[in-house]
Amino acid sequence: VSQSRYTADSYEVSSDGQVASWKPYRNYAPIPTDRRLLTPNRDKDGYAKVTLRLNNGKTKTFRVCRLVAEMWHGAPTKGQVVRHLDGNNHNDNALNLKWGTPAENSYDSKLHNTWVHGHKVNTCKLTENQVIEALTTSTSHSELARKFNVSVGAIWHIRNKRSWKHVSVKYSDFGQSLQRPTDSAS
């Protein structure tokens, strides 16, 4: 059974993730009309979001999961984020949401296999095979950067395990002991 609570800005947030408006100026009505369910949009990460008009007349967009968590679990402490306990960012039910640290949220994403990393990142320029090549070849940073059309710094970060940490390579698997190449340009 869904329950609702009201915010100070004449909006209602239900425990099942629905947001409704009681704004009186909608349709120039002098008094509040029947509540109107807001239709959420999805942001680039797939989370439901709604745009609300604040008391000062300005609008602000909120993720629905954050509104539900604040309404049903209280305000977060500094640095906390909303965790979806089942790993489904379309499930904004209050029972599925919990405040937690970014580290806990990251652990959840790995647990639910929703962690975006490596080639799954939409701005990724390299494949895992190219990263393995960068890790196992004695080619200089500069040459690899030109070959893969990335910066020398990107190759340096890969070789120094600052990025693509999830790709592990055993140098013994390649039949020879490779030394990490260095590049005077980096």
Side-chain angles (χ1 to χ4, degrees), residues 1-128 131 149-151 154 157 162-167:
V1 173
S2 173
Q3 296 179 343
S4 297
R5 291 189 182 166
Y6 299 93
T7 70
D9 290 327
S10 302
Y11 290 98
E12 176 183 325
V13 180
S14 71
S15 60
D16 65 356
Q18 292 186 326
V19 181
S21 170
W22 288 94
K23 287 289 190 179
Y25 54 79
R26 186 179 70 233
N27 300 328
Y28 303 101
I31 57 172
T33 57
D34 291 339
R35 74 184 191 114
R36 175 178 60 103
L37 283 179
L38 302 181
T39 304
N41 295 310
R42 297 276 169 195
D43 67 13
K44 65 180 178 58
D45 298 318
Y47 293 91
K49 63 180 183 174
V50 291
T51 301
L52 306 181
R53 184 175 304 277
L54 306 178
N55 284 336
N56 63 8
K58 295 184 179 183
T59 60
K60 185 172 179 183
T61 300
F62 296 90
R63 282 186 172 174
V64 172
C65 60
R66 187 162 185 91
L67 292 173
V68 173
E70 285 183 15
M71 193 60 57
W72 296 93
H73 301 299
T77 58
K78 185 175 180 172
Q80 285 190 314
V81 296
V82 179
R83 296 169 53 203
H84 285 80
L85 300 178
D86 67 355
N88 178 2
N89 64 3
H90 289 225
N91 182 358
D92 291 327
N93 190 299
L95 297 174
N96 183 50
L97 303 176
K98 183 176 181 180
W99 292 114
T101 65
E104 290 171 323
N105 199 35
S106 180
Y107 176 79
D108 289 345
S109 67
K110 291 174 186 174
L111 181 70
H112 299 295
N113 200 23
T114 57
W115 181 46
V116 179
H117 62 285
H119 68 280
K120 295 179 186 176
V121 176
N122 63 357
T123 58
C124 175
K125 293 184 176 182
L126 298 173
T127 65
E128 289 194 11
V131 171
N149 195 28
V150 296
S151 68
H157 280 88
R162 299 232 176 140
S163 63
W164 292 86
K165 296 175 189 177
H166 64 283
V167 176

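Note that this is a predicted model, so its numbers are computed, not measured. Side chains are part of it too, since the values below use all heavy atoms of this structure and drop only hydrogens, waters and symmetry mates.
Between Val19 and the choices Val68, Thr39, Leu67, the side chain to side chain contact (heavy atoms under 4.5 Å, CB included) rule is met once, by Leu67.
Other residues, nucleotides and ligands contribute more than 12 heavy atoms inside 6.0 Å of the CG atom of Asp45. More than 12 heavy-atom neighbours from other residues, nucleotides or ligands sit within 6.0 angstrom of NZ on Lys49.
Taking both residues in full, the closest heavy atoms of Val82 and Ala69 are given as CG2-CB, 4.0 Å, listed atom of the first, atom of the second, then distance. Heavy-atom minimum distance, Ala20 versus Leu37: CB-CD2, 4.0 Å. When every heavy atom of Gly79 is checked against every heavy atom of Pro102, the shortest pair comes out as O-CD, 3.3 Å. In terms of heavy-atom proximity, Cys65 sits nearest to Leu97 at O-CD1, 3.5 Å. Nearest heavy-atom pair across Trp72 and Val13 is NE1-O, 3.6 Å.
Rounded to the nearest 0.5 angstrom, Asp16 CG and Leu95 CG are separated by 10.0 Å. From Asn96, atom CG reaches atom CZ of Arg83 across 10.5 Å, with rounding to the nearest 0.5 Å. The CZ atom of Arg53 sits 12.0 Å away from the NZ atom of Lys58 when rounded to the nearest 0.5 Å. For the atom pair Leu52 CG and Thr59 OG1, the distance stands at 9.0 Å (nearest 0.5 Å).
Residues meeting the side-chain contact (heavy atoms from CB on, under 4.5 Å) test with Pro76, sequence neighbours left out: Arg66, Glu70, Gln80, Trp99. With sequence neighbours left out, Tyr47 forms a ring-ring contact (aromatic ring centres under 6.0 Å, His included) with His84.
Of the possible donor and acceptor atoms, none in the side chain of Asp92 sits under 3.5 Å from a partner among the backbone N and O of Val64. Checking side-chain atoms of Asp43 against main-chain N and O of Arg63 turns up no donor-acceptor pair under 3.5 Å. No side-chain donor-acceptor contact under 3.5 Å links Asn105 to the backbone of Val81.
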